[in-house]
Every structure is written in C-alpha cells, then in structure tokens.
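Letters A, B, ... are given to chains in the order of the sequence lines, protein chains preceding strands, and every chain is numbered from 1.
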Number of protein chains: 2
Amino acid sequence: MAKEKDVTTETEILNAAKRVFQQKGMDGARMQEIADEAGINKALLHYYFRSKQLLFEAVFKSLFFVLAPEINKILNDDSSIFDKIKNFTNNYISFVIKHPFLPNFIIQELNRNPEFITKLITNQYFPNIENFKNTVKKEINEGIIKPIKPEQLFINVLALNIFPFVSKPILKEFLKLNDKQYHQLLEDRKTEVADFIINSIKI
Amino acid sequence: MAKEKDVTTETEILNAAKRVFQQKGMDGARMQEIADEAGINKALLHYYFRSKQLLFEAVFKSLFFVLAPEINKILNDDSSIFDKIKNFTNNYISFVIKHPFLPNFIIQELNRNPEFITKLITNQYFPNIENFKNTVKKEINEGIIKPIKPEQLFINVLALNIFPFVSKPILKEFLKLNDKQYHQLLEDRKTEVADFIINSIKI
DNA sequence: ATTTGGTTTAACCATTTGGTTAACAAATCT
DNA sequence: AGATTTGTTAACCAAATGGTTAAACCAAAT
C-alpha cells in the first residue's frame, strides 16, 4: 500500500474541502465540487471522511484552529495593553488579507449551528480570556487606562478588526469605494484602529 | 376574486419566507418549509413568486430596507457627531434585539453574492454617507473632534454596534457567558459604545 | 509470479428538492 | 344564475445530491 500517497490524498481532499466550504458554506457546498477541486472521484471523499457532515466538521475544526492562534496573540502575551492592541491590530489585518473568507466562514457556520462550538472548547488552543482580563484590571488600578469592563474592551478590539472584512461587500457600496480603495482603507486600519482604541482608553 | 385575501396570502408567504430565509439563508432554506410556515401549499409559492430565486430577492430587498433606515439615522440628521453617535448606538442595539437574525442575514447573503447589492443602490433609501462626511469634516475644522477620516469613523461606529450581534455564538464562548449575561452585556453597550467612541475622538 | 491489502473509480441508488400540471374552489362580472 | 377569472391544492416530474457498491488498480510482502 502507498502510505505516502495515502496522506497526500487525504490532505488534498481536506484542502479542497477547505476552499469550497469557506466560500460556499455547509449548505452551499457540493460534494461533487469538492471532488473536482481535489481532482478525485466523489466516492473517495466518503472513503476518507464517511459523510459530508464529518468532512465539514474536519474542515471547520481545522480552520477554527488556524484562526484561534491569531486571537490568542492578544490574549496570551505579557506585554502592556497598548502593545497588545497595537500588535494584534497590525498582525490580524495582515492575517485576514491572506485568508479573506475565514472570519466570515467561522461566524456564519457558528450562527447556523451554535452548538457546534462545544466540540471546540475542550481544545487546549481554544482562546482563554483570563490573562487579558487580569492585565486590563491591573492597568486600570495602576491608572494607565480608564475604567472599562475587560469584556467590553475585548469585544471592541475584535469588532474593529474583524467587522470590516466580514462586511466588505456592503461597506464598499456605502462608501462608494472600488476594491483597490477598500484595500487601502484596510491597510490604513493597521495603525488607525490601534490609535482609535488607545485614544479612547488612555488617561 | 378575493382582493383582500389575495394580499393577505401574498403577505403571509413573504413573512414566512422572511422568517425562514433569515434563519437558514438562501442555500439552507427549503420551499417546502416556507410553505409549511405560511400554512399553504408549495405550489402557491410559485404562483405568487415564480421561483425560489425571485422569492428570495423579494425577501432580501424587503429586509434590506428594514435595516437601511436604521443606518440612515446616523447619516441623515443634522445633530452633532456626538449626538448622532449616542442616538444611533442606543437605537440600533434596541432595534437588533428585536430583529436578531437581520444583520447576519444581510451580511451573509451579500458575501455569497456581492453583485446583488447593485440591485439596491438605485433605491432612494439606500444609505448615503455624504452628509455624515461633511459633518465630521466640519467638526474637525471647528476643533470639536480630532482629525479622523470620516469613512474610518463610520466603519468604527458600525463595527462596534453590529459585530456583537453577528458574532454572538463565538463571543459567548470566549467570554463564558450564558444568554442572560450576554444580553445584559449588550444592554450595557447602549451607552458603553457611544462613550468609547466619543472618548476616542473628542479633543 | 502470486497474493494481499489498501486505494480509486464508474456506475448505480434513494431521497430531496425546485418546479409544473391539471383539476377544483371561490370570487367577480355580466 | 351562468360564465369567467383568480386562488388553491394534490399529484406528479426531472434534475440534483449525498451516499453505496462492486470491480479494478497498484504497491509491497510472500
């Protein structure tokens, strides 16, 4: 048997499935399209992953844990809040420009089936907010930043970074920008967003 | 013929379709489910709307122009930026608590088919940002707020208001909150968000 | 060379799904 | 009232779709 080829085919299927599921979602994706994308027969999908549901779950888990480390960058380092925000904003926007369908895919599929997230939370890389909360509280006590609930600050940071990607089609029309102009606006946000947040919370 | 009943049935179908499409999306929705939801035969859907695609477009347009006036509230009034932001934040969060699937539906379907938005922009109620831009520029010149690109401020306002609804399932898990706690957090944002923005841009 | 085991495919199957048809029911018109 | 138009339904249809099967393939072990 071909152990080497084995892994290659399974990976090829998973990669093809990632591409298709990310763009079409669970409901919009077709097994035939995934097979075509992988350049193999449809029956092979079932040979390796049994069903569409199981293939989807493999894809979702894999993609979720591509995104999770990006979130952890703001949660699990020991720098100051200002540095956390600056680094995260700069990194995250670069990251999503490379994975433009990823945030929307995660959000859409978790809205479709919210219970699914319970299958992820046991994973050691599932983002944990405790360290971030402690840092915020500490800097509030030290008089570095204004009082704010850490949860609200966390949501604000994510919102300002993620939303412009998720809502790109509608924002482009509201602002009457073409693709190039919108991309420039996102580039500008690498520093704009951090400044906006820091201006709001610094004393 | 039953003019009265006529309108009632068509409206009933549209309302049922709105409920189903909002929760399941175009790809996940089934004509049979819409018919069941409306309490009528599946053939009637085609009698009134010809095809799933046309029914969907009717639903999408209708729902888009439920949301649009909310966006216009921040764009087309003559109050100061601070008041615009305060009013919008308070109103919008109340509005979406009443229509929890709406923002996600619009975002999801426009990502699925971005060209569709061209069918909306000719409508007189399609949000126009000019007035907002002028007000921001004016208040910057008057030294009331710090320099910021109006487009960036607009995105920030929308992001901070809309994102917590769109990402509810994942944020709930990140923050380890139950439904009631998350709802309280959203209630708090009615004032928190406006304060956060105003703190950032005021001189 | 033959066997053996996993790998891959073409063909097939059952169900779902959007859509149609033809007949029936109920208003409206004359 | 009788004819005509509009509204509604049950039954049906063709295509799409997820999934299965049996046979072919192929590399390694014997």
Give the rounded distance in Å between these two atoms: [atom1] of [X] and [atom2] of [N].
| X | N | atom1 | atom2 | result |
| --- | --- | --- | --- | --- |
| B:Glu12 | D:dT8 | CD | P | 11 Å |
| A:Leu45 | C:dT9 | CG | C1' | 12 Å |
| B:His46 | D:dC13 | NE2 | P | 17 Å |
| B:Phe56 | C:dT17 | CZ | C1' | 18 Å |
| B:Lys52 | C:dG18 | NZ | P | 5 Å |
| B:Tyr48 | D:dT9 | OH | C1' | 13 Å |
| B:Leu44 | C:dG19 | CG | C1' | 14 Å |
| B:Asp27 | C:dT16 | CG | C1' | 15 Å |

May I have all residue pairs that pass salt bridge (charged side-chain N to carboxylate O under 4.0 Å, His left out) and include part of residues 88-106 of chain B, sequence neighbours excluded?
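Residue pairs passing salt bridge (charged side-chain N to carboxylate O under 4.0 Å, His left out), neighbours aside: none found.
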Counting the benzene-type ring for Trp, do [X] and [Y] have ring centres under 6.0 Å apart?
| X | Y | answer |
| --- | --- | --- |
| A:Phe60 | A:Phe21 | no |
| A:Phe101 | A:Phe105 | no |
| B:Phe65 | B:Phe126 | no |

Is B:Thr9 close enough to D:dT8 that one of its side-chain N or O atoms is under 4.0 Å from OP1 or OP2 there?
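Answer yes for this pair, as a side-chain N or O of B:Thr9 is under 4.0 Å from OP1 or OP2.
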Any side-chain N or O of A:Tyr47 less than 4.0 Å from the OP1 or OP2 oxygen of D:dT20?
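The answer is no; no side-chain N or O of A:Tyr47 sits under 4.0 Å from OP1 or OP2.
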With sequence neighbours left out, write down each residue that passes side chain to side chain contact (heavy atoms under 4.5 Å, CB included) with B:Asn178, or none if nothing qualifies.
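Scan of B:Asn178 (side chain to side chain contact (heavy atoms under 4.5 Å, CB included), adjacent residues dropped) gives B:Lys180, B:Gln181.
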Residues which pass side chain to side chain contact (heavy atoms under 4.5 Å, CB included) with B:Asp36, listed by chain and number, not counting sequence neighbours:
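Applying side chain to side chain contact (heavy atoms under 4.5 Å, CB included) to B:Asp36 gives B:Gln32.
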Enumerate the side-chain hydrogen bond (donor to acceptor under 3.5 Å, both in side chains) contacts for residues 52-73 of chain A, please, sequence neighbours excluded, ordered by first and then second residue.
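Found A:Lys18-A:Ser62, A:Gln53-A:Glu57, A:Glu57-A:Lys119, A:Glu70-A:Lys73, A:Asn72-A:Asn76.
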Would you confirm whether B:Asn111, through its side chain, and B:Ile107, through its main-chain N or O, come within 3.5 Å as a donor-acceptor pair?
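Between the backbone of B:Ile107 and the side chain of B:Asn111 there is a qualifying donor-acceptor contact (under 3.5 Å).
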A:Ile13 backbone acceptor or donor facing A:Glu37 side chain under 3.5 Å
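Judged by distance alone, no pair lies under 3.5 Å.
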Counting only non-hydrogen atoms, which of residues 30-43 of chain A are less than 4.0 Å from DNA chain D?
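The answer is A:Arg30, A:Met31, A:Lys42, A:Ala43.
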Where are the stems of DNA chain D, defined as at least 3 consecutive Watson-Crick or wobble G-U pairs with both distances under 3.5 Å?
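Only these stems qualify: C:1-30 with D:1-30.
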